[in-house]
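Report on one structure; see the data block that follows.
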Amino acid sequence: MNKKIILKISGMTCASCALSNEKKLVKTKGIIWASVNFASKNAQVEYDPEIIDENQVKKIIKDNGYNIEEYGEHHHEMESITKNLNSFIGSAFLSAPLLLEMFYKFRLDRNILNIDFVMWVHLLLATIVVFVFGWRFHRTMMLKLKKFEANMDTLVSIGTLVAYFYSLWAFFAGQKGYLESAVAIITLILLGKYFESLSMGRAGEAMRKLMEFGVKYARVIDVQNKEKMIEIDKVKIGDILLIKPSEKIPLDGEIISGVSSVDESMLTGESLPIEKKLGEKVYGATINQDGVIKIRVTQIGDGTVLAQIIKTVEEAQMSKAPIQKLVDCISSYFSPAIILLSLATFLGWYFFSGNISLSIINAVAVLVIACPCALGLATPTAIMVGTGLGAKKGILFKNGESFEIAKKISTVVFDKTGTLTQGKPEVKKIIVNPEENFSKDSVLKIAASLSNNSEHPISSAINSYVKEKNIILAQLEEIKEEKGKGLSAICQEHKTSLLLGNKKLLEDYGVNLSWVENILNEENQTDGSYLFVVHGGKVIGAIVVADKARAEAKQVIEKIKKMKIAVLMITGDNKKTAEIIGKELGIEKIIAEVLPDEKSKEIKKLQEEGEVVIFVGDGINDAPSLVQADLGIAMGSGTDIAKEAGQIILLESNLEKVVEAIEISKTTFRTIKQNLFWAFFYNIVAIPLAALGFLSPAIAAGAMSLSSVSVVLNSLRIYRKK
């Protein structure tokens, strides 16, 4: 079985670095798939452990010139910010005398024994700035040169080295050099790196907060009923934990003692606390508010809901939207093309002006102004912020593709039971067929005996109703569940065939439907779904079960319609019952009497008609439809995130989250397009200006740094969405 790992890579400076690592990984035998994200500095790798192991995967990245950090620790982000700030301050301090020389000439005692001491000091300072503070750029350039590759560091390194060594020659030749340009380039780019790392830290804020939600210690009740605080990684499944008011619940578990209100906002985005009592589940990192409870641990480590959420968000942040393929293609050619363009600029200026100094300075400006970083950050930073905002609101995006699909959506299809409705049906009435000699209790007994063998919500409604009646159930054999239709069995005592289900089930067994047709054709059928009870091939009665629509459903439908998106409802219920719910919620288009395995076929039909479809269902039962849809949204499935088929998972069963998911998707993709537009626009405009001699290297360096920062800041605007 293939394995997946997530690695934290240090040393990547632009999109071409990420692309280089990705190509090296993908080309290696045994690696099935790999994705390297420049913004998050992460690599996600799927590999065959029989061919290659984790250490060998890490070695590929190390051999490519990059380092692997311990994953799971987020302190490196602050270290990166501090390192970039210190580098900028040091470089700026040493560069200051050279930059001031541009505005004020230091003439006092410059020449002693015919030696220009000020210029020698400038040369010393410039050498330190270029080769000490700028070493990171030169090191990467040399590593790339060995592999005949180029990236942003290559451009910066060549630009500063050309300016430095030309100035060195000019210094000894008694001519004017450009040491101030060399130090300005290094200093301004380091400043840009600081702002970039600071902004990227903010972009990953949601992820960092998720990591911080967990607790480090748990209060365990031992076999002698004594309390003991132990480290969280030493807790085992089955251990009993004591949680006091205002404490975080350490791990997922089941309440075995006490009642309390629990704040689950960090999981679901819902601010109101939820009442928890004996036997109910609680989840790690949620907050116990006002009661003392004991829980039995059911999940630890990677099995907890919090761990699954973190894993899902991380994988989404590392995924790539389809539009990224174009960017990756451009990035792979970008740096080599700029080097050639810079060479052409030098030759052009030298041919027409004959001034080598001017030719060099304009060529350097072209090298420095070009910014592959802005292109590389455009998509991943927006996805990072979008997925982070979603997680904060209890909406998990499983991949970056979701954001691009959302802009094309034309139809939203809602499953009815458990999605548009509360998923907690109740028995409303029992109808007896007057032509058969059976009482209501007999009809209910047969229905309950059959439903006792099913986990379907309607069966649960009948079972709950029967518990209040104290009815003794019949012993059955040859029990069979017909998906989307009902149940069949044989009564052990009388060897009589029994059925409980809808009209389709009765048709399959050749039952006379005259009484059924009369019931279903009644104009006043407004009270719910009808399940027919059959004894010995004859319909003896019906159980009417109704499920209330969610309180927010109608308002959500209206909001989606205002987005110019069509709304459909799909259900296995009979058409008349479905139309009643549809009318209540304002849904005109209804697909009724559809079996579970046929729902995905209905979605496919819509797609063949040119519709781009979102399917909203209540989890694993709707898996085929969630997969078939262009975008699947699974509701209220936070306890089983890893197994969900939907690209988007809502941790709270609230239809308002569907609207929020669509809005976040559209906002994120709109931001991606804005980022790409400005990144391309910047390079298209700035590079010709530099080539034509309108920009000095210092201005070019500042503009290049700001272009990357502006892309990240634009992505951060997504957080402003409420």
Side-chain angles (χ1 to χ4, degrees), residues 405-423 425 428 458 484 502-504 520-530 544-596 598-618 621-622 624-626 628-635 646 648 650 653-663 665-666:
I405 294 171
K407 74 179 179 68
K408 306 173 186 174
I409 292 299
S410 60
T411 301
V412 177
V413 179
F414 286 95
D415 179 48
K416 182 181 80 70
T417 305
T419 303
L420 287 173
T421 62
Q422 295 175 2
K428 292 298 179 184
I458 291 179
N502 57 24
K503 183 182 173 183
K504 283 190 176 182
L520 292 179
N521 288 331
E522 287 181 7
E523 293 182 4
N524 63 345
Q525 186 196 330
T526 60
D527 39 11
S529 302
Y530 282 59
V544 182
V545 180
D547 193 3
K548 292 180 181 178
R550 292 182 183 275
E552 75 278 9
K554 187 174 182 179
Q555 187 178 7
V556 167
I557 302 302
E558 289 174 357
K559 286 181 179 179
I560 294 173
K561 285 181 176 179
K562 285 180 180 178
M563 296 180 184
K564 307 299 181 186
I565 298 174
V567 179
L568 275 77
M569 180 176 74
I570 193 165
T571 179
D573 275 350
N574 66 73
K575 190 173 182 180
K576 187 168 284 188
T577 303
E579 286 174 347
I580 292 164
I581 292 285
K583 187 176 181 181
E584 179 186 344
L585 299 179
I587 303 175
E588 294 83 20
K589 297 179 182 179
I590 296 166
I591 305 172
E593 300 178 11
V594 181
L595 296 176
E598 293 176 349
K599 288 181 181 179
S600 60
K601 294 177 184 177
E602 294 293 337
I603 301 297
K604 190 175 182 180
K605 281 182 188 177
L606 290 169
Q607 291 169 325
E608 288 170 350
E609 292 169 5
E611 301 293 336
V612 181
V613 181
I614 286 180
F615 179 81
V616 186
D618 58 350
N621 292 334
D622 293 316
S625 301
L626 289 165
Q628 178 62 49
D630 297 280
L631 194 59
I633 300 181
M635 284 188 62
I648 300 176
L650 309 183
S653 294
N654 185 338
L655 287 173
E656 292 282 359
K657 299 294 180 182
V658 174
V659 176
E660 289 184 18
I662 295 172
E663 289 176 340
S665 297
K666 289 191 171 186

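The two atoms that bring Met569 and Gly582 nearest to each other are CE-N, 4.1 Å, heavy atoms only. Taking every heavy atom of both residues into account, Ile614 and Ala629 meet most closely at C-CB, 4.5 Å. The shortest non-hydrogen separation linking Ser600 to Ser625 is N-OG, 3.3 Å. Considering all non-hydrogen atoms of both residues, Val545 and Pro425 come closest at CG1-CB, 3.4 Å. Across all non-hydrogen atoms, the minimal contact from Ala578 to Thr571 is CB-CG2, 3.6 Å.
For Lys554, the NZ atom counts as loosely surrounded, since its 6.0 Å shell holds 12 or fewer non-hydrogen atoms of other residues, nucleotides or ligands. Surrounding NZ of Lys666 are more than 12 heavy atoms belonging to other residues, nucleotides or ligands, all under 6.0 Å away. More than 12 heavy-atom neighbours from other residues, nucleotides or ligands sit within 6.0 angstrom of NZ on Lys561.
In this structure, Ile557 and Leu420 have side chains that are in contact, with non-hydrogen atoms separated by less than 4.5 Å. The shortest side-chain heavy-atom distance between Phe414 and Ile560 falls under the 4.5 Å cut-off.
Although no hydrogens or angles enter the test, the distance criterion places a donor-acceptor pair under 3.5 Å between the side chain of Glu552 and the main chain of Leu655. Checked by atom type and distance alone, the side chain of Ser410 pairs as donor or acceptor with a backbone atom of Val612 at under 3.5 Å. Thr421 places a side-chain N or O within 3.5 Å of a backbone atom of Lys416 that can act as its donor or acceptor partner. A donor-acceptor pair under 3.5 Å is formed between the side chain of Gln607 and the backbone N or O of Gln628.
Note that CD of Glu584 is 10.5 Å distant from NZ of Lys548, once rounded to the nearest 0.5 Å. Remark: Ile662 CD1 to Leu631 CG distance equals 8.0 Å, nearest 0.5 Å. Going from atom CZ of Arg550 over to atom CE of Met635 covers 4.0 Å, rounded to the nearest 0.5 Å. Residue Glu656 holds its CD atom at 11.5 Å from CG of Leu650, rounded to the nearest 0.5 Å. The distance from the CD1 atom of Ile570 to the OG1 atom of Thr419 is 11.0 Å, given to the nearest 0.5 Å. Between the CD1 atom in Ile580 and the CD1 atom in Ile590 there is a gap of 10.0 Å [rounded to 0.5 Å].
Here Glu593 does not pair with Lys503 in a salt bridge; the nearest charged N to carboxylate O distance is not below 4.0 Å. Salt bridge Lys408/Asp630: absent, no basic N to carboxylate O contact under 4.0 Å.
Screening Leu568, Val594, Val413, Val613 for a side chain to side chain contact (heavy atoms under 4.5 Å, CB included) with Glu602, the sole residue that qualifies is Val594. If you run side chain to side chain contact (heavy atoms under 4.5 Å, CB included) between Val659 and each of Glu558, Met563, Lys562, Gln555, only Met563 comes through.
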